[in-house]
Amino acid sequence: KMKLLRSGEGKLFSGGRGGVKASISGSPSKIEVMKGTDPLANRTRCVPGLPTPHISGFYRGGIWNSLVCQNRHFSKQSDWRNCLKGKTLHLLGDSTIRQWYEHFVKLLNLTDTPLPYAVHQTGPLLATDTKNNIKITQRSHGPPLRCAQTRTFHLKYIANIIDEIRGRPDDVVALTVWAH
């Protein structure tokens with residue numbers, strides 16, 4: 001018998017609105033869709049320290065759904081502002097995290113503050129909302145970089161940047177160090 005799913009993937013097909021139970025037989029083959037349990041039911045509230053399985057969630061209708069816990073979804077700017085009020089986000093990594101920065105600046109209408117000699121593609125970048133005490137910083141990873149130019153004195157390794165973060169309760173650190 002051929003195994004088509006990796007460990008944990010079967011949970012995605014165990015039921016609910018998108019659940020599939022496959023029965024293939026005869027000619028032509030057929031797939032029978034049966035109702036089952038919702039993989040999003042009975043999840044706990046998201047808190048630090050929960051285990052992260054190999055398959056941690058999925059997108060449905062353009063929205064990320066965690067299989068680990070009940071993640072919140074924000075559809076309005078005010079929801080985002082309330083969640084981020086009083087927070088400092090440290091976004092570190094490649095161009096993917098820079099796109100997060102650009103998205104937050106646009107979504108929350110933040111004041112993007114150009115830093116002396118900084119190149120937008122590599123940073124460092126700073127955006128703020130003084131009314132709601134929201135601060136977002138972005139730094140690209142150290143070498144190797146794939147960009148036309150950057151100021152070498154702005155380049156730091158992510159491990160060194162993390163060491164410089166004070167680590168207050170309202171600090172949030174996000175990393176992307178995979179794509180390039």
Side-chain angles (χ1 to χ4, degrees), residues 8 40 42-147 149-180:
L40 300 178
N42 303 319
R43 295 172 298 149
T44 62
R45 184 175 178 264
C46 294
V47 295
L50 292 174
T52 305
H54 186 68
I55 306 298
S56 61
F58 61 93
Y59 279 97
R60 180 188 289 167
I63 296 173
W64 174 255
N65 292 280
S66 170
L67 290 172
V68 177
C69 58
Q70 291 178 340
N71 57 306
R72 293 185 287 173
H73 301 133
F74 302 118
S75 58
K76 297 184 294 190
Q77 185 187 62
S78 60
D79 294 338
W80 282 98
R81 284 194 191 283
N82 287 334
C83 178
L84 297 175
K85 192 171 198 165
K87 303 278 192 287
T88 298
L89 278 66
H90 305 274
L91 308 180
L92 311 170
D94 58 25
S95 62
T96 301
I97 206 83
R98 187 185 74 245
Q99 291 169 15
W100 283 24
Y101 173 88
E102 293 164 348
H103 177 72
F104 280 127
V105 168
K106 184 177 179 181
L107 175 76
L108 299 172
N109 195 27
L110 300 175
T111 302
D112 194 6
T113 306
L115 299 175
Y117 306 107
V119 176
H120 183 79
Q121 189 175 4
T122 57
L125 304 175
L126 171 66
T128 56
D129 172 348
T130 54
K131 181 180 175 189
N132 294 290
N133 193 26
I134 299 170
K135 178 180 173 183
I136 302 179
T137 66
Q138 189 276 331
R139 296 207 64 146
S140 66
H141 54 76
L145 287 173
R146 292 177 46 194
C147 61
Q149 60 176 306
T150 192
R151 310 285 187 193
T152 56
F153 62 86
H154 281 308
L155 293 180
K156 293 184 176 184
Y157 290 104
I158 288 180
N160 295 338
I161 296 168
I162 292 171
D163 285 343
E164 294 171 2
I165 297 171
R166 291 185 185 162
R168 296 171 296 222
D170 291 329
D171 282 331
V172 177
V173 178
L175 304 170
T176 59
V177 290
W178 174 78
H180 52 266

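Small disclaimer: the values here were computed from a predicted structure and weren't measured.
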Could you grab the distance from atom [atom1] of [X] to atom [atom2] of [Y], nearest 0.5 Å is fine?
| X | Y | atom1 | atom2 | value |
| --- | --- | --- | --- | --- |
| Ser75 | Ile63 | OG | CD1 | 8.0 Å |
| Tyr101 | Leu126 | OH | CG | 6.0 Å |
| Ile136 | Thr111 | CD1 | OG1 | 11.0 Å |
| Glu102 | Leu110 | CD | CG | 12.5 Å |
| Gln99 | Asp94 | CD | CG | 8.5 Å |
| Arg72 | Arg45 | CZ | CZ | 7.0 Å |

Return a table of donor-acceptor pairs under 3.5 angstrom between the side chains of residues 84-93 and protein atoms on other chains or two or more places apart.
residue: His90; atom: ND1; partner: Thr137; partner atom: OG1; Å: 3.4
residue: His90; atom: NE2; partner: Asp171; partner atom: OD1; Å: 3.3

Inset, instruction - Determine whether more than 12 heavy atoms belonging to other residues, nucleotides or ligands lie under 6.0 Å from atom CG of Asn42. - result: no

Side-chain donor/acceptor of [X] to backbone N/O of [Y], under 3.5 Å:
| X | Y | result |
| --- | --- | --- |
| Arg98 | Gln138 | no |
| Asn65 | Leu40 | no |
| Arg43 | Ser66 | yes |

Inset, instruction - For the residue pair Cys46 and Val68, establish whether any side-chain heavy-atom pair is separated by less than 4.5 Å. - result: no

Inset, instruction - For residues Ile158 and Leu175, determine if any side-chain heavy atom of one lies less than 4.5 Å from a side-chain heavy atom of the other. - result: yes

If you compare all heavy atoms of [X] against all heavy atoms of [Y], which two are closest, and at what distance to 0.1 Å?
| X | Y | answer |
| --- | --- | --- |
| Ile161 | Ser140 | CD1-O, 4.4 Å |
| Lys135 | Thr128 | CG-CG2, 4.2 Å |
| Pro124 | Ala118 | O-CB, 3.6 Å |
| Gly57 | Trp64 | C-CH2, 3.2 Å |

Inset, instruction - Could you pull out all residues at least two apart from Asn82 that satisfy side chain to side chain donor-acceptor pair (under 3.5 Å)? - result: none

Legend entry - Residue list, ring pair (Phe, Tyr, Trp, His ring centres under 6.0 Å) with Trp80, at least two apart or on another chain: Phe74, Phe104

